[in-house]
Amino acid sequence: MAVPAALKKISATIWELPVSYKAGMLVPARIIADERLINAMDAGVFEQAANVACLPGIQKYSYCMPDGHWGYGFPIGGVAAIDPATGVISPGGIGFDINCGMRLVLTNLVEEEVRPRLRELVDALFQRVPAGVGSHGFVKLSHDEFCRVAEMGSRWCLKHGYGWPEDLELTEEGGCFAGADATKVSQRAIERGYNQIGTLGSGNHYLEIQVARPENIFDGETARTFGITRPNQVVIMFHCGSRGFGHQIATDYLQRFLAVMTSKYGITMHDRELACAPFRSPEGQDYFAAMKCAVNMAFANRQVILHRIREVFSDLFHRDPDDLGMGMVYDVAHNTAKLETHLVDGKRRQLLVHRKGATRSFGPGQEGIPERYRETGQPVIIGGSMETGSYLLAGEPGGTDTFFTTAHGSGRTMSRHQAKRMVKGQKLQRDMEERGIYVRTASWGGLAEEAGFAYKDIDAVAEATELAGLSRRVARLRPIGNVKG
DNA sequence: ATGTTC
C-alpha cells in the first residue's frame, strides 16, 4: 500500500499531511508510526485523518495512533482536540461503542497454580459472564433504575455491592463522567440497554487470563507499583463497552446532527460520516450529556463483570477475592470525548478531546490519575489479539504532543470477512489449545474473525508509542485462557 | 461495535 506522496516525515515516529493535502484542512494531520507501520497503513487512514483536520475548532493536529485503521468517519486510532467555544462535537470521533475500554485485574496466583484448573476456570467464566450478540445480564433493573446506572456509573455498582471502594479510585474519572443526563437518551436506547449490564458483547470483546512472565517485564519498578510482583503472575484483562445502549445513542445523534449540520449551522464536511454539531449548541450539549450516560453504563458494565470474575475465582480456589489479591490495576476508556486542560503553544486551555480507538495516557505528576500512580504515570492497557498478547504501558511526559493519548490495541489488518475465509473457528480453537491457550466462544465465526493474523503486530505498536514518547512499555502479557464474545 | 440492513 503506497503512502500519499504529500506525506512528510517529521521524525522517526511522526508523519504529516500538510493542510494543502486536501481542501478545507484547518490543521495538518499527523500519524504516529514507525517506518514499517506507516508503509503498511490502511490507505483510508490518510484520507480520514485529513477529513478530521477539517472539523471546525480543531487545534494543532488531527492525529492517528500507530494501530490506526479505517473507521466510521474518523479512523480507529483518531484523536481530535477541539476548542469547545468555537468548535464541534462529532459522534464519529467517539465511535459507536461509546466507552469501549479495557480493565486489568490482578491475582496473587501464578501460572503453575492456575494451569491445572484452566479449563474449569475458563468454562466457569464463560458460563457466568454472558457473551455474544444480544446477551442479557443477571442484574435485573427497571428502566428508571437503569437511568440511575447511566448517570452514576461505577458508583451505582458500589452502592449495590458489586465492587470494592478502591475499584472506583482505579477507574478513569472514578468510573463516572459528571454531567450525564438520562433525559437526553431515547427510550429505544434504554430499551436496548437496561438488561445488558454485566455482559461482554461480541466482535473483539473478550475476557482473558494472562501471565506476566519475567522475560516480558520491561520496567520492573513500575510493574511492581502496578501490582505485578511475582514471576508468572496471573492477571485478568477484559475489553467491552456500552453494548446496544451506546450504539443506539450514537445512531440517534448521528441522525439528529445530520439533520441540522448544514441547514442550521452551515457546516459542510467531506464525509457525511463526520456529522457534527457545534459543542455549545442544544444538539451538541444534548449529545454530550447522552454520551456520558453511555460512558457510565460501560464503566458499570465492566464493574459488574469484575464482580462476577471475583466470584468465579473465589468459588474455584476456595478463597476470598481479597485473599486472592484481586484488586484492579486500572480501567481506561478508548472511545470518548472529554473536556480536559492541555498546554497549547504554552497556554493552558480547555479542549474537547475526542479519542476514538485511542487511550488517554496521562504522564507522571498529572492531575486526574490515582495517587499511587502519580510517580509512574497512568497505567495504559493495550489489548492485542487473543493469540499474541497484550501490553501494560505507562503514560509519559512526551504525551503532551498528542493531548496525552496513545494507542489502544493491535488494529486490524484485514476485514472480518477476509479473516473468516482463511480459518474456521473450530480449527483455530484446536490450534490455540495446542499452543497452551484455552478459548471458549459464543460464536465460531466470531472466533475466526479474531485470529491473530488479522491484526497488526502488537509489539511494533507498543514499541512505536514508546519511541514517540507517548507511553513506555511496562509488561507484555501472554494469554493462557480466553472468553471470546 | 451493533437485537451484525428499523
Side-chain angles (χ1 to χ4, degrees), chain A residues 42 44 48 67-78 90-103 130-137 143 146 185-207 238-256 258-259 272-273 275 290-291 293-295 297-299 301-302 305 333-337 354-359 383 385-386 408-412 414-421 425 441-450 454-455 483-485:
Chain A
D42 184 346
Q48 291 192 316
D67 51 337
H69 56 108
W70 181 86
Y72 183 94
F74 273 59
I76 317 285
S90 175
I94 293 154
F96 277 88
D97 190 8
I98 297 165
N99 190 5
C100 190
M102 307 293 305
R103 187 173 286 217
V133 177
S135 51
H136 296 170
H143 285 197
F146 176 72
V185 171
S186 69
Q187 279 307 307
R188 195 171 183 185
I190 293 166
E191 186 57 46
R192 283 181 71 173
Y194 82 101
N195 60 8
Q196 292 185 318
I197 294 287
T199 65
L200 212 46
S202 63
N204 69 348
H205 288 162
Y206 62 85
L207 188 174
F238 59 101
H239 175 220
C240 63
S242 52
R243 309 281 284 105
F245 183 59
H247 189 275
Q248 190 60 47
I249 288 168
T251 304
D252 291 340
Y253 279 93
L254 276 165
Q255 278 179 12
R256 191 165 159 206
L258 272 173
R272 55 183 274 118
E273 292 183 359
M291 181 211 73
C293 287
V295 165
M297 185 276 190
F299 281 138
N301 189 24
R302 294 197 286 273
I305 289 173
H334 50 233
N335 281 6
T336 63
H354 294 66
R355 297 188 178 95
K356 195 253 197 83
T359 311
S385 85
M386 61 187 181
H408 86 304
S410 288
R412 293 196 77 86
M414 67 175 72
S415 72
R416 296 183 167 279
H417 188 73
Q418 206 178 340
K420 243 187 318 203
R421 274 201 316 254
T441 179
S443 152
W444 291 118
L447 185 70
E449 293 173 356
E450 296 303 315
Y455 282 90
V483 173
K484 157 76 193 66

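Here is how names work: the chains are called A, B, and so on, in the same order as the sequence lines, proteins then strands, and each is numbered from 1. As the structure is a computational prediction, the values presented were derived from the model and not from experiment.
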Could you run down the sub-3.5 Å N/O contacts of the protein with nucleotides 3-6 of chain B?
| from | atom 1 | to | atom 2 | distance (Å) |
| --- | --- | --- | --- | --- |
| B/dG3 | OP1 | A/R192 | NH2 | 2.0 |
| B/dG3 | OP2 | A/Q196 | NE2 | 2.9 |
| B/dG3 | N2 | A/R192 | NH1 | 2.9 |

Test of understanding: with salt bridge (Lys or Arg N to Asp or Glu O under 4.0 Å), list the residues that count as partners of A/R192, not counting sequence neighbours.
none

Please name all residues satisfying salt bridge (Lys or Arg N to Asp or Glu O under 4.0 Å) with A/R188, sequence neighbours left out, ordered by chain then number.
none

Under the side chain to side chain contact (heavy atoms under 4.5 Å, CB included) rule, collect the residues that match up with A/T251, sequence neighbours excluded.
A/F96, A/H247, A/Q248, A/Q255

Only counting residues at least two apart or in another chain, list the ones meeting side-chain hydrogen bond (donor to acceptor under 3.5 Å, both in side chains) with A/N335.
none

Please enumerate all residues that pass side-chain hydrogen bond (donor to acceptor under 3.5 Å, both in side chains) together with A/H334, with sequence neighbours excluded.
A/H239

Using a 4.0 Å heavy-atom cut-off across all strands, classify A/R416 as base, sugar-phosphate, or nothing.
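Sugar-phosphate contact only - A/R416 comes under 4.0 Å of backbone atoms but never of a base.
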
Give A/G203 one of three labels, base, sugar-phosphate or nothing, depending on what nucleic acid heavy atoms sit under 4.0 Å from its own.
sugar-phosphate

Distance, rounded to the nearest Å, where A/I249 contributes CD1 and B/dT2 contributes P
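Rounding to the nearest Å, CD1 of A/I249 and P of B/dT2 are 14 Å apart.
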
